[in-house]
Structure formats: C-alpha cells, structure tokens
Amino acid sequence: MSRTVIKVENLYKQYRLGQVSTGTLAHDINRWWHQMRGLEDPYEKITTLNNRTDGDESEYVWALQNINFEVKQGEVLGIIGKNGAGKSTLLKLLSKVTSPTKGSIKVNGRVASLLEVGTGFHKELTGRENVFLNGAILGMTKVEINRKFDEIVAFSGIGKYIDTPVKRYSSGMYVRLAFAVAAHLDPEIMIIDEVLAVGDIEFQKKCLGKMKDVSEGGRTVLFVSHNMAAVKTLCTRAILMNNGTIFKEGDTSHLIDEYIHINNNFSENGIIARNAQRIHQTGEAFFEKVQVIDKANEPVSIMGFKSTVQILAEIHVEKEISDAIFAFSILNSNNDKIVFTEFPENSFKHIMLQPGRHRIKFVIPVQMNPGTYYISPNVMKSSGESIDYLENVYKFEVTKDATEGSHHYRWNISHGNVYGSAQNLSIDKIS
Amino acid sequence: MKEEDKWTEVITPRRGLFDIKLEELWRYRDLIAIFIKRDFVAIYKQTVLGPLWLFLQPIFTSLVFFFVFTKVARLPTDGIPPILFYMSGITMWTYFSDCFVKTSNVFVSNAHIFGKVYFPRLATPLSIVMSNLLKLLIQLTLLLIFMIGFYSSGKLSVYPNWTLVLLPFLICLMALLGLGMGIIFSSLTTKYRDLAFLIQFGIQLLMYSTPVIYPLSSTGGKLRTALTLNPLTGILETFRYSLFGQGVFDPMLLLYCLGFTFVTLFFGIIIFNQVDRSFMDTV
C-alpha cells in the first residue's frame, strides 16, 4: 500500500465580505479582546455557508467548511466544482499562500504549486533572466535551473528569442516560456490550477502530454480544472466540491456526471426561475425561458441525429438596453463548449430591447452528434459585460436515429468548437 | 504505518511567535540572489546612461543642497567642504530611506506574486536591503573619488581616522534599522493603507531630524537632546567623524543605536512572520 502524502483534517477557511474600512479596526480590536480572555472568535458564529446567490446579510462566509481528505503517493487527484465552490481557496491553503482558519494540512514531501504560469516574470528582463527568476520563485535552485535550461528552452520553442526582453514577446511565446519553466519542476507533490488553459491547441496538447508524463512518473498531482476532458484523461480519482464543502469523492468519470448534474439549473420545461444561479447578471434583464423546440414549437428533450437545433428563449427586460448582443452555447457532458452562436454577427450592430418581455427564436444550423447537451444563454452589452448569463439551463439528448428531413450544413470551425450563425432569427416583443 | 506520522510539513492556522524558519530562508538563497540581480538590472533597462545614474543622483542632490543650504540658508558644515558634507550625508541617508521605504510596501507591491506562490516572504525585504547595499557601495566609491580630488587640489584639510573601521558596522546598523522599520510598516499597511500616506511625509520629517544637511554640533540644548534620540543621528555623525575627523563621536550614542535597531528588528520579524501567513486575505 502506498503511503499518504497529504492529509487534510477539518479544514475551515473564513473570509470577510465587503471592504476593509474603519469598521474593520473595531472588529479586530473586539476579536483581539476575546482572544486575550481566551474566548472564541465572536465572528465565527455569524459566519454563513458560502452561497453567493443567497441574500444573506452576514459579513463573514466560510469559503471552506469541514474539508477532510487524503491523497496517496502517486495519485492524480482532480478537484472539480463550479465557480465559487472553494477549489481555488483549497489550493491556496495547500500551497501556503494563505493560512486556514481552523484545521490542519499535513504534507509529506516537497510541494510545488502552480496557481498561475509565469509568476514574477519581469517584462523588462530577457527570457533567459526570467527563466531563472521564475524558476527560483517556484523553488528551484540555480544549479537545477542551469541543468535544465536547454530543455526548458527547447520545450518552449522560443529559440533565438531567449535573450530578448519578454515585453517584446507575443502573448503565446510568453505563456509557452512560462509553462516550460513550470513543466520542468521536480517536486514530489504538484498542485496545479487551470494552467492548461493557455496557448494554442497544439501547445495545450503538449502540456497535457507533459502532465501525463509527470503523473506517470510516480509524482502526486492535485489538479483543479473546468476542463472535464483533461480531468478525465489525467485523474485517477476526484473530489467534487460544492458551496465550500466536499460534495462527493470517488471515481473521476462518475463525479463528472454528478458535477454536470449539480451544475445546472435545468427544469423539464426550460423555465428559468428568477433566483436561479447566474454566472453574471446586472439585473437589467432576465432570461425566463430557454428551450429547444420542434417544428410545432413544442419543447423537445430528445431529438434525432442530424436534426438542426431550434431554440426559443424568452427574456424579461427591466430597463431599456440599446446595445444587446446574444450569445448561446451548447455544451456537451464534459462541459466543453461544442457549438457557439452570437447575434447580431456584425459587431457594429446591436439589438435594442425595450422594457417588457421578448421572444427570441432562431435555428442553429449544425448537426449534433449523438450525446447529451446543455444550453447556456448569455445576453451582453456591446462592452462585453454580461447582463444575464446562465450555465446549462436546458438539457437535451441527441439519439442515434437520424430524423427525416435533416439537412446538410457547412460547419465553420473556429477555436476548436463550431460556430453556427443563427438562422431564421426573430425577436418579438410579447408583452 | 509509522511512516505516515512523519510529516515534512504541517499547516495550521496559527504559528508560534518565534517559529521563524531561518533554515528555509537559507534554502532560498538563490532566489534572494536573483531578486537582487532583478532589482539592480531592471531599473536601468532602456536608459541611455544606465548605472551611471547611480553617480549622477548623489551629485545632483549635493549640488542642489549646496545652493539651497549653503548659499541661501548659510548652514554650517563643520569645516568640511559643503559638497563633501552633503554627499556623505546623502549617500548614507539614501541608503536608509531606500531600505525603509521599499521594504515598507513589500506586501502591497508584491501581492501579485505572494498570492500565487509560496516562498519565505522575508526573502523579498532582504533582497531589497542587499540590492541597495550594492548601490551604496558604488556611491561610497564615488565619495572616495571626490575626496581624493579635494585632497589633491589641496582644498581638504580634514582627514579620516581609525574610526573608519566602524564603517561596515555603521552600514549594517542602517540596513537592519531600515529593514526592521520597513517590515513593521509593511505588515501594518496590508490592512490599513493609511500608514502608506504617513510614511511619505514621515520619511521627510525623519530626514530633517537627522543630521544630513546640518551637523549636530550646530545645535544645542533641548534640540540637541531630542536629535540624539533619533537612532540615525549617531550613525551619521560617526560616519562623518570617521571620514573627516569632524563631528560628534560618542560610543554611547552608537550603543543606543545598536539597542534600538535590535529591538526594532526583533519586533519587525515577529510581526512580519505573523502577518505573512494571512495577508493575502486582507491586502
């Protein structure tokens, strides 16, 4: 049996909401006074569960609550959960960036954490100088970096640019060099947060390959990501977090299904409650309904292979919006964006929305492969700020049987997913 | 199973007051060296004159002081040629103020790095003090060149003496005092930014209450007693005494300064060590 290298026991982390101001000093003094008399922290009792949509008035929240788990040597543990579930806080505690409020973490071995790539890069310094700087920040010694220097440069593909200040680099080169340094760390335990979301597809594949090598070399890895495909390929075991607690622990593919399940707001008929969980909202408009409909305008949840997707959405506008842009995504069960559509397509045109209820209907001319899909609606301002943005509000399934009357459309490939331009678009004010 | 009880690291909410991991700091010595290099190299990138600015800064300031304080205000300089008097004062003072001011916002200005990766936080203020030391040594060389110039032209009739052997000690005191005060302030500014404003004006006040632009001998009575309470007074006066044989040399003053420095540094390290664990939540 392999030994335990990380043991997390009864871990809690408390955060204070709002701004640090004059009130903070009063709280600090009160807390200190309680501590002096050997009493409990007076603000611990009023701390609430981490649920961002709650209208709770408490100033303190538990970002993490009663976290317990163990990691064995050589294990690749995935940590998944939606935004705000506490994943990043947990990684911060594990990598000693901040300390826990209660509980303990016991570690056996040298830890390197990668919460971002290129930490400490100085734009005025050359690539070479930055490799040494970044490497040292990550805990490597000069001798170690010297030994691996050629390998790092080769991996990054920077070549002759190595003696140019990094401010002259393209963003891709910058990130590749940064990842190259990180990839050549040699710790016993590695903590990684989403760093794969960098570079082009080719480089991402290279990174993923490197990570796989690392994990197969007997290294213990903790990996946080929203990229379910990456979690699935890399991790042997996973932890699913929700509202600052561990929701479930176990087999990776099992948990990914569970994640999708708790991560969506869908109801059978596609009606979206006003208090549904939003990724971002300004309060100026709310989606009230998003459905996939058939030719008779009835909602469908199962459709045949090769059918096109017709979407019906209703939005309630509170305040006039002069520059609305709609974006709809279809995600698969790995939470990967498969199809993306946006209108108006011409970025200089915007849609004017009067207060009231509007019905939007359009067809996305793509043919879906069999599988389970989810729809995420988003309405933005021309600045790109989301007015109302929800994840996975409607679920539908595509079966293996082709339906009649299916058409052949051209797929426009861009950035790894399909862009489908909306057809037969209509936006009507209904009340 | 027994093996599992041996943990290389246990992370808990609070850390002991004296749990200062010096051996960990030593392991990160390469990082400190690279930080020093970064601070030194990065400032002069894309400047035409490069490190030459290290020489130009004290010369310009000395000239300005010469015109303002000698020509206009007619302050005495203890019989030392004014340019040398100011240059010696500025060189030492700048070292202290750079150490103090730069370490005093170490948490705030490095939050983007501290928030992403762990390394002993003391590495950053230490590297600041040391990269400034490099700057100081270069500027002391400049002072030496000026002194030789004055001697050879016969304009200097005051000479260095045996107390010059105290110079490394004086520099250490300045470094440690700047570091100690800096890390106290940096620990406090993470939560209460008010102190950052206080420093801006406090450092000026401190300069005028230190014999940088005037000799201690030109003061008397209560003012003089008050000035000797400033630990920097002893350092600057001893420094000038050792170079020019003019000024106040009082071992008691140095001893006071030594005591003050150690108390400051001691509390500084303890406070810093407590704050660096959780400052990311408040910064």
Side-chain angles (χ1 to χ4, degrees), chain A residues 1 3-5 7-8 11-16 20 24-25 28 70 92-116 118-120 122-126 129-130 132-145 165 167 188 193, chain B residues 1-15 21 24 27-47 110-121 123-124 127 188-194 274-283:
Chain A
M1 197 186 91
R3 64 199 182 114
T4 307
V5 288
K7 191 172 188 177
V8 176
L11 197 68
Y12 286 78
K13 179 68 186 175
Q14 182 192 50
Y15 275 116
R16 187 180 194 280
V20 172
T24 328
L25 186 60
D28 279 354
E70 282 184 19
K92 274 186 186 164
L93 296 184
L94 284 166
S95 46
K96 294 198 285 183
V97 163
T98 183
S99 62
T101 310
K102 286 197 279 184
S104 69
I105 300 168
K106 290 168 184 163
V107 179
N108 209 336
R110 198 161 83 124
V111 182
S113 63
L114 280 181
L115 304 192
E116 107 189 322
T119 308
H122 195 295
K123 62 180 173 43
E124 297 286 351
L125 299 181
T126 64
E129 288 165 328
N130 270 310
F132 279 91
L133 178 60
N134 185 232
I137 287 178
L138 293 171
M140 285 198 259
T141 62
K142 215 166 175 173
V143 179
E144 257 180 279
I145 305 168
K167 65 177 174 182
E188 285 147 323
D193 188 6
Chain B
M1 283 311 274
K2 269 281 150 259
E3 209 181 359
E4 288 185 10
D5 296 333
K6 283 187 218 138
W7 302 102
T8 48
E9 177 121 39
V10 177
I11 305 168
T12 50
R14 283 197 186 78
R15 169 151 76 189
K21 294 179 177 141
E24 191 185 30
R27 252 197 292 126
Y28 276 85
R29 60 191 181 276
D30 283 347
L31 178 65
I32 298 177
I34 288 169
F35 273 155
I36 295 171
K37 198 179 157 204
R38 175 197 67 179
D39 290 347
F40 209 72
V41 172
I43 301 175
Y44 300 105
K45 289 252 166 147
Q46 231 179 42
T47 58
N110 287 290
H112 60 288
I113 298 177
F114 287 0
K116 293 296 177 188
V117 64
Y118 174 82
F119 54 85
R121 304 307 191 210
T124 321
S127 71
L188 300 175
T189 38
T190 58
K191 207 161 187 182
Y192 303 106
R193 296 288 166 83
D194 312 50
Q274 290 296 312
V275 166
D276 80 1
R277 305 209 59 209
S278 62
F279 92 101
M280 268 324 294
D281 308 339
T282 51
V283 75

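Here is the naming used below: chain letters follow the sequence lines, and residue numbers restart at 1 for every chain. What you are looking at is a predicted structure, and each value in this text was computed from that prediction instead of being measured.
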Interchain contact, A:L93 with chain B, by part (heavy-atom threshold 4.5 Å): backbone
Under 4.5 Å from a heavy atom of chain B, the part of A:S95 involved: backbone
Atom of A:K92, atom of B:G115 and distance for their closest heavy-atom approach: CE-O, 4.3 Å
Parallel, tilted or perpendicular: ring planes of B:F119 versus B:Y28, cut at 30 and 60 degrees: tilted
Part of A:V111 within contact of chain B (heavy atom distance under 4.5 Å): neither
Sole residue of A:E124, A:E129, A:H122 in side chain to side chain contact (heavy atoms under 4.5 Å, CB included) with B:R38: A:H122
Exam field: side chain A:T101 to backbone A:Q14, donor-acceptor pair closer than 3.5 Å: yes
4.5 Å side-chain heavy-atom contact, B:L188 and B:V275: no
Heavy-atom contact with chain B under 4.5 Å, split by part of A:K13: side chain
Max heavy-atom pair count under 4.5 Å with chain B, selected residue of A:T141, A:I137, A:L133: A:I137
B:R29, part contacting chain A, at a heavy-atom distance under 4.5 Å: neither
